[in-house]
Each structure stands twice: as structure tokens, then as C-alpha cells.
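Down below is the structure, laid out as C-alpha cells.
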Amino acid sequence: MDYEARREGLWRRARERELDAFVVINVERSDGANLRYLTGFTGSSGILIVSPRPLFITDSRYTEQADKEVVGLPIEETPPRWMSWLAEKLRSLGVKRVGIGAHRTSLHVFQELTQLAPGVEFVPQPGLVEDLRRVKAEEEIERIAAAARLTDEGLRWIVGRLAPGQRERDVALDLEIWFRRQGAEDAAFDLIVASGPGSAMPHYRPRERKIERGDLVLFDIGVQMDGYCSDLTRVVAVGTPPAEVREVYHLVLDANKAGLAAVRAGKPGRDVDAAARAVIANAGYGDRFGHGLGHGVGLEVHEAPGVGPVSEDALAVGNVVTIEPGVYLPGKFGVRIEDLVAVTADGCRILSSFPKDELVVL
Ligand code: ZN
Ligand code: ZN
């Protein structure tokens, strides 16, 4: 990964906005993704100052790790009262207008720094680093593809041993342990295993409920590998499902395919959403698909660009996004089919490979 080129890109954008410096502040994982993107640092706390004299700052817990991970930047150690130290450092650099990430910097840090550094104006910059992260380099797409492959394998493993009587939360935990044993850094988010009526809740949390014969079980799962995330949703039936389940499954599958077919560089995210949404609306289930069609995936599992009805983003070559239509029937069941894709000039490369053409019945 060419961290220096990324920092140069950020610095160019900061100069365009007449900033003298830009600070990325990661305190106990508050902005780990941006800091990792720009430096390769994986610890929980560190600060990057991008300016004509760039600097990496961390505390004594991480100086040795920073020496190994952060290449091409001087590294300084902060004392425990890091905010007054940073304010003093910025004053000593003589900078007047300092850009600061608006998405992940807390109001507390912003207000304290403003107070501690009179003469320095902190200018919130929504999306400055996040926008750089949208277009992935080939090596980033390969990492996401590797995370997607492990996710597919994990789903095969867990579906192969799924049986009535298992508790949802045990299934989710077993899968997370399996992912970690296979080399995942972490789960990309709290894994969702939702059975029966729980599958009708798009962001369900696995509970004590035991899987019953006749249930539809929804898996929405992902891992983080080498920093990069994956995201996959499939449903499987435990025992023969009612006809309505098959009907909704094939409707959602058609919407998923319509969404995938609409993906290509230059296409507005909302048009891709509309292509899939029309399939569901035409079948009379329009009010049962409440969320956006998809989202960007990278160092974070939800990032730009958006692929929803209110998205103002257009897709570009190198974006990685999900296509995940769903139909949710409260109290009964829900179906979502989610694939991860890399956007190309004339379409997309599908990174998810778990079969979907027929509903898997166990
Ligand atoms: Zn998902
Ligand atoms: Zn998703």
C-alpha cells in the first residue's frame, strides 16, 4: 500500500481548501480506518498531522508498534495529557487553519482543542479522507475479495452443520470463532443469525431462540482481513418452507440480479437502487423493502459510496459496494440476498460466490 501517495493526495485536497494542516485523530478506535488508510497503523490510538512537516504521534503503549508499521514519517510520543500537547505542537508549527475530520472526531475533542490552541482555527472537513477511500486500488480489491472468499467458506461450514434446536447466538458465536481460527482479524460487524420471525428484522441481534423445523434462517455475516471488510447475506430453509417463502425468495433474487445488472461506472447510486426496487414494487411488496439497496465496503463495512434512494453518489471504477435487496414480512419471515461487487467500466466483478440461484433447503 502506497501510504505516502495517499497522504500526498490528502495534502493536495487540503491545500485546495486553503488549509495549513490536516489532523486525523484516532482515540481508542474513534477514527482507526482513516488513520490506517493513511499510515498503515493498526493500534487503537494515534494522530497524524499532514502538513509540510508531517508527523505521526502516539502514546507509550504504541511507539514500538508505530516504529514497525508507520513508514516514512517521524514518530513522536505524547504524554498522557495529549490534547494540550497536540495544541502546543500545532501552535509551534505555526499553522493557522487546520482541517479536522468531521465524521469521527468527537465534539469534545474539537471543543477542547479549539480552547487549548488560541490562534489556531479547526475547520471540520466532512468526507475529506473518506472520499479518497472510495476508489480502491487493485491490491485493496484483492484483500476485500479474500475476505469475501473466507466469508463464503464460513457460510458453507456453518450451513453444513445447521440443525433444529441450535440457539441463534451459539450459531453466530461458532461462526465467529471459526472465522478467527481461519485468520480473520475480527468479524466485520456483529454477525446476524436470525431465524423464523427474527429474519423479518433487517438488523436483528441473535438471541436465545432455538432454530425450529420450518424456519427460514438469515445469515448476514462478514469478516475483517488485513483491515478490509466483507459483507454477505443469504437465507436458508430448515425443512420444507411454505410456498410463500419460495415466492418471496425468487422475487428478492430477481431484484438482486436487476441491481447487479445495473451496476457500472458512471451510474448514479440511486439509479442502481431504483432498478432493484422496481422489481419488488412491481410485485406489490414495495412497502416491505425499507432500506437502501447497498453501501460501499472497504476498511469500514459501511462507507461511501451509497447505493440507496437518496444517494447523491455516482459509481466509479474501483468502488466496492453491496447489492442487498430484501423483503420483510413482520411476524412471519424476511429474505435478503446480499452480494459484494467491485465496480468496473462496463459492469461489475461479483466477489461473493455462495450459491443463490435456488433456495437452500436443509
Ligand atoms: Zn450485510
Ligand atoms: Zn451490507
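For reference, positions follow the sequence shown, starting with 1. Fair warning: this is a prediction, and the values are worked out from it, not measured in the lab. Hydrogens, waters and symmetry mates play no part in the numbers below; they use all other heavy atoms, side chains included. Read the numbers this way: they start at 1 and go in the same order the structure lists the ligands and their atoms.
- Distances from the Zn ion (ligand 2) to the N/O/S atoms of Glu338 are shortest for OE2.
- Residue contacts to the Zn ion (ligand 2): His295 brings an N, O or S atom closer than 2.8 Å.
- Counting all heavy atoms, side chain and backbone alike, Asp215 lies closest to Lys210 at OD2-O, 4.3 Å.
- Nearest N/O/S atom of Asp220 with respect to the Zn ion (ligand 1) is recorded as OD1.
- Nearest N, O or S atom of Glu324 to the Zn ion (ligand 2): atom OE2.
- When each of Asn26, Val70, Ile25 is tested with Leu35 by the rule side-chain contact (heavy atoms from CB on, under 4.5 Å), just one qualifies, namely Asn26.
- The N, O or S atom of Asp231 with the smallest distance to the Zn ion (ligand 2) is OD2.
- Minimum heavy-atom separation, Ala172 to Pro206: CB-CG, 4.0 Å.
- Residues His291 and Tyr328 bring their aromatic ring centres within 6.0 Å.
- Ring geometry, Tyr62 versus Phe41: the interplanar angle exceeds 60°, so the pair is classed perpendicular (tilted spans 30 to 60°).
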